[in-house]
Structures are given as C-alpha cells and as structure tokens.
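To start, the structure under review is shown below, and the notes come after it.
Each chain gets a letter, A, B and so on, in the order the sequences are listed, and its residues count up from 1. Values below: every heavy atom of this structure, side chains too, minus hydrogens, waters and symmetry copies. Because the structure is predicted, anything quoted here is derived from the model rather than measured.
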Amino acid sequence: MKIASFNINGIKARIEALSDWLAGTDADPVVLQEIKSVDEGFPRGHFEDLGWNVETHGQKGFNGVAILSKLPLEDVMRGLPGDEADEQARYIEATVVGERAVRIAGLYLPNGNPAPGPKYDYKLAWMERLRARAAELLASEMPVVMLGDYNVIPEPRDAARPEKWVDDALFRPESRGALRAIRYQGWTDAIRIRDPWATRGPFTFWDYQAGAWSKDDGIRIDHLLLSPQAADLMVETGVDREARAGEKPSDHVPVWVRLAA
DNA sequence: ATGGTAGCGTAGCTA
C-alpha cells in the first residue's frame, strides 16, 4: 500500500495537474489538502470514473481536505476532535483496507502567520488537539499514518535559507516544539529517516513568489508520521519533486510512503 | 527593505 499526501492548492485550478500525477503513480490512498471547495463543488464524478472512492471535508473558499482511495475506506471521521466550535475543515481520518487495515489521518495544519497573534494562538491550540488525538491513535496499536501539510519546518536543515524563517509561524520554537512533542510520543518521520544525516532538505514546498523554485529556495513542511506498527511495515518513502516543474503546478509536491500492508 | 505570485471569487483574505 502506497500512501501519499498532496497539498493541491485548489481542486478547480489543479484538476489537470492532479490527474496527471495520479496517472503516473501507484499511490493509493491519497490525501489532499487545500481543496478550497465545499463538498458539493468537488469534482467527485471525475475521480469516481477513474475508480477512486472519494471522501471530502470541505468549506467555502479556503482549507478543505479529502481522501482518494481505490482500496475500500471504512469509519471515515471528519474534523479534529477537541473543539466543537472549530469550523475550519482541516482534518479527515479513515481506515484503508488492503492486505491489512491501516488508519490514515489527513491533515492541513494551520499556517499561523502572523506570529504572534490570534492565528498563531489557533495554530498552537490546534497542535495541542492533534497531540491528544495522536496519543489516542497510538493507543489503538493499529498501523497509523498521520500525513499532510503540517506547516512546520522541523529543523534548520529543512529550509534552504533558515535565517529568513526565524520569526515565521512555520519555524518559531513553539511550533517546532509542538511537532517534536508529537513525534516523541513514538512517531517516525518517514521522509527524514530515508536520509537521516542529510544536511539540506528534501524540500516539499517552494513559494510561487520571487523565483523560489528556480533558486531551490524550498522548505520541508509536508510530513508523514508513522506509528510503530506502521513503521515496522515501511519499505520505501519519497518526495515527488518533479511535480513542481510541471504545467500550472501546486506550490507543494506529493510525499509518500509504501507499506507492506 | 521591498515586492515578488497564486487561488477563490469577483474585494480582500489567505498563504
């Protein structure tokens, strides 16, 4: 089972680039972030015709997450627990039934800028809720993969120019500390352990502005965290960097892990 | 130091 995450930055604008990428990969399931669409606006039929099961959790204009899966999905859960008043669509969970059942959590963590401020407070509160949910998922003792756009640069080597991010919500100590606290519950950072001593990258996001892609001025903010039961099944992981060079690309590229499941 | 781009939705917010 090859599990992938892709922040597509708008399903309407990205239907072609997404479909092209899907046609060239054996990823299944795929979690999407920033669909920027209500559930009724998502081109569900386009993907169903290609054999995908489609589960969305959208909202008008911003945010929104989804799961595409050719394998059967069970027990779909929408929204991150812990705040009934939170109306932002940033979290979806489901069980994917392959050779084994794997619980996947697709997430779009708040950006949090400008920091400090109310948006940063919301980010940190959201991360505390994610920490609580992550602990519950670990307690299930299932293979679990929590993946998506975390909007956190874990370490200086995860940015081409770390000095320009020091005051940014993606790199401030509280954001990094909150991600570290989750990781040290017992999660494995799949992309990082592929090349644990790397001094630079791999990057998953390049801003549209200021020629960031052509200068390789990227950051690593899309992550796959694996429970111990999932990490034991891991056989391969990667970043589909070439997706950033295509026609009308997203500012993120897909990240993925293959499990013997 | 500033401005640089993109998406949604059709102004201004979000990133």
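- Using a 4.0 Å cut-off between charged nitrogen and carboxylate oxygen, A:Arg241 and A:Asp216 count as a salt-bridge pair.
- Under the rule for a side chain to side chain contact (heavy atoms under 4.5 Å, CB included), the partners of A:Arg161 that lie at least two apart in sequence or sit in another chain are A:Glu163, A:Lys164, A:Asp217.
- One P atom belongs to B:dG9, the other to B:dA15, and the distance between them is 15 Å to the nearest Å.
- Near DNA chain B, defined here as any heavy-atom distance below 4.0 Å, the residues from residues 36-44 of chain A are A:Lys36, listed numerically.
- A cation-pi arrangement is not found for A:Arg220 relative to A:Phe205, the charged atom failing to lie both closer than 6.0 Å to the ring centre and inside a 45° cone about the ring normal.
- A donor atom on one side chain and an acceptor atom on the other are not found under 3.5 Å apart for A:Asp222 and A:Asn7.
- Here, B:dG3 and B:dG7 have their P atoms 22 Å apart, quoted to the whole Å.
- A pairwise comparison of heavy atoms in A:Phe42 and A:Ala66 identifies CE1-CB, 4.4 Å as the closest pair.
- Salt-bridge check for A:Arg258 with A:Asp26: passed, with a basic side-chain N closer than 4.0 Å to an acidic carboxylate O.
- Each of A:Asp207 and A:Asn63 was matched to the nucleotide of DNA chain B holding its nearest heavy atom; the match closer to the 5' end belongs to A:Asp207.
- Of the residues in residues 107-118 of chain A, A:Tyr108, A:Asn111 come within less than 4.0 Å of DNA chain B through at least one heavy atom, sorted by number.
- The same atom, C1', is picked in B:dA6 and in B:dA1; the two are 23 Å apart, to the nearest Å.
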Donor-acceptor contacts under 3.5 Å from residues 102-110 of chain A side chains, at least two apart:
unit_1, atom_1, unit_2, atom_2, d
A:Arg103, NE, A:Glu93, OE1, 3.0
A:Arg103, NH1, A:Asp75, O, 2.8
A:Arg103, NH1, A:Thr95, OG1, 2.9
A:Arg103, NH2, A:Asp75, O, 3.1
A:Arg103, NH2, A:Glu93, OE1, 2.9
A:Tyr108, OH, A:Glu34, OE1, 3.4
A:Tyr108, OH, A:Glu34, OE2, 3.4

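- Salt-bridge formation is not detected for the pair A:Arg90/A:Asp149: no Lys NZ or Arg NE/NH1/NH2 atom is positioned less than 4.0 Å from an Asp or Glu carboxylate oxygen.
- Of all heavy-atom pairs between A:Phe171 and A:Arg176, the closest is O-CD, 3.0 Å.
- A:Asp20 meets the side chain to side chain contact (heavy atoms under 4.5 Å, CB included) test with A:Glu16; sequence neighbours excluded.
- Along DNA chain B, read 5' to 3', the first and last nucleotides having any atom under 4.0 Å from a heavy atom of chain A are B:dG4 to B:dA15.
- The main-chain N or O of A:Leu137 is found under 3.5 Å from a side-chain atom of A:Ser140 such that the two form a donor-acceptor pair.
- The residue among A:Arg14 and A:Asp149 whose nearest nucleotide of DNA chain B lies closer to the 5′ end is A:Arg14.
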